[in-house]
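Note that the structure is predicted; figures quoted are calculated from it, not measured. By convention here, the first residue in the shown sequence is residue 1.
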Amino acid sequence: MPPTLYLLIGVQGAGKSTWAAANAARLQAKVVASDAIRNELEAAGQSAAGHDAHVFAELAVRVGASLAAGHTVIADATHVRRAWRSATLAAARAQAARLLAVWFDVPLAVSLDRNAHRPGGLWGDRVVDADVIRQLWHELEPPGLDEFDEILTVA
């Protein structure tokens, strides 16, 4: 049986990391998160801000390696644009993984409120500029069955 990739799609504050943490054990899945990669960069003395291409490339490599090892994977990142998720999906296809989108179809006001109440600190806990979230929410490209085997919507 091929491994499964659960690719999370939604703006900051939509609930992706919370969903990943709540479901990883049940799905027997390894979580690969863009925020963790950003935190690793900063711990190594490098700025993670403005290095989205590097972060998403590394995410795709890690997802591919985990799937190749036979693990089910939850890819925790915004993935709001098809271009941002293409490398990770290609890595998963190379491993003949089942591709499942988990789309967080959450009202903008909910994401903005959750974001505003983050504690700060590491990536994933930092408050993101509300204008960035608004822009991404309006530009979100919903997942399609041309990309995924199945789409799960979280509202």
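The line from OG of S34 to CG of N39 is 9.5 Å long, rounded to the nearest 0.5 Å. Between atom OG1 of residue T88 and atom CZ of residue R93 there is a gap of 10.5 Å, rounded to the nearest 0.5 Å. We find the CG-OG1 distance between L100 and T72 to be 10.5 Å, quoted to the nearest 0.5 Å. Rounded to the nearest 0.5 Å, atoms CD1 (I9) and CG (L140) are 7.5 Å apart. Distance CD1/I133 to CG/L108: 8.0 Å, rounded to 0.5 Å. Separating the OG atom in S17 from the CG atom in D76 is a distance of 3.5 Å, to the nearest 0.5 Å.
At a threshold of 4.5 Å between side-chain heavy atoms, the hydrophobic network of Ile, Leu, Val, Met, Phe, Trp and Tyr places L99 and V32 in one connected group. Transitive grouping of hydrophobic side chains (ILVMFWY, heavy atoms separated by less than 4.5 Å) brings L145 and L89 into a common cluster. L7 and L152 sit in two unconnected hydrophobic clusters of ILVMFWY residues. Membership requires side-chain heavy atoms under 4.5 Å apart, directly or through other members. V61 and Y6 are members of different hydrophobic clusters when ILVMFWY side chains are connected at heavy-atom separations under 4.5 Å. Hydrophobic clustering of Ile, Leu, Val, Met, Phe, Trp and Tyr side chains at less than 4.5 Å, counting indirect connections, unites V55 with V73.
A97 approaches P2 most closely through the heavy-atom pair CA-CB, 4.5 Å. Across all non-hydrogen atoms, the minimal contact from A91 to G64 is CB-CA, 4.0 Å. Nearest heavy-atom pair, F148 versus P143, reported as atom, atom and distance to 0.1 Å: CE1-CB, 3.6 Å. Between A83 and S86, the closest heavy-atom pair is O-OG, 3.0 Å.
Under the side-chain contact (heavy atoms from CB on, under 4.5 Å) rule, Q95 has a single partner from L67, V63, L5, which is L67.
A perpendicular orientation is assigned to the rings of W19 and F104, their planes being inclined by more than 60° (bins at 30° and 60°).
Listed for the K16 side chain is a donor-acceptor partner under 3.5 Å among the backbone atoms of V11. Using modelled atom types, one side-chain atom of H79 and one backbone atom of L8 make a donor-acceptor pair closer than 3.5 Å. Judged by distance alone, the side chain of W137 and the main-chain N or O of V106 form a donor-acceptor pair under 3.5 Å. A distance-only check finds no donor-acceptor pair linking the side chain of N115 to the backbone of G13 [under 3.5 Å]. The backbone N or O of L136 sits nowhere less than 3.5 Å from a side-chain atom of H138 that would complete a donor-acceptor pair.
Partners of T153 under the side-chain contact (heavy atoms from CB on, under 4.5 Å) rule, at least two apart in sequence or in another chain, are W103, D105, I151.
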- prompt: Should R114 and Q12 be marked as a side chain to side chain contact (heavy atoms under 4.5 Å, CB included) after you check the CA-CA gap, both sets of side-chain angles, and the distance that decides it?
  reply: CA-CA 9 Å; R114 289 177 181 164; Q12 297 89 337; over 6 Å; no
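Contacts classified as salt bridge (Lys or Arg N to Asp or Glu O under 4.0 Å) and involving residues 47-60 (residues at least two apart or in different chains) are given here: R38-D52, E58-R62. Sorted by first and then second residue, the salt bridge (Lys or Arg N to Asp or Glu O under 4.0 Å) pairs involving residues 146-155 (not counting sequence neighbours) are R82-D146, R82-E147, R85-E147, R98-E150.
Within the 4.5 Å cutoff, the side chain of H71 has no heavy atoms near those of the P3 side chain.
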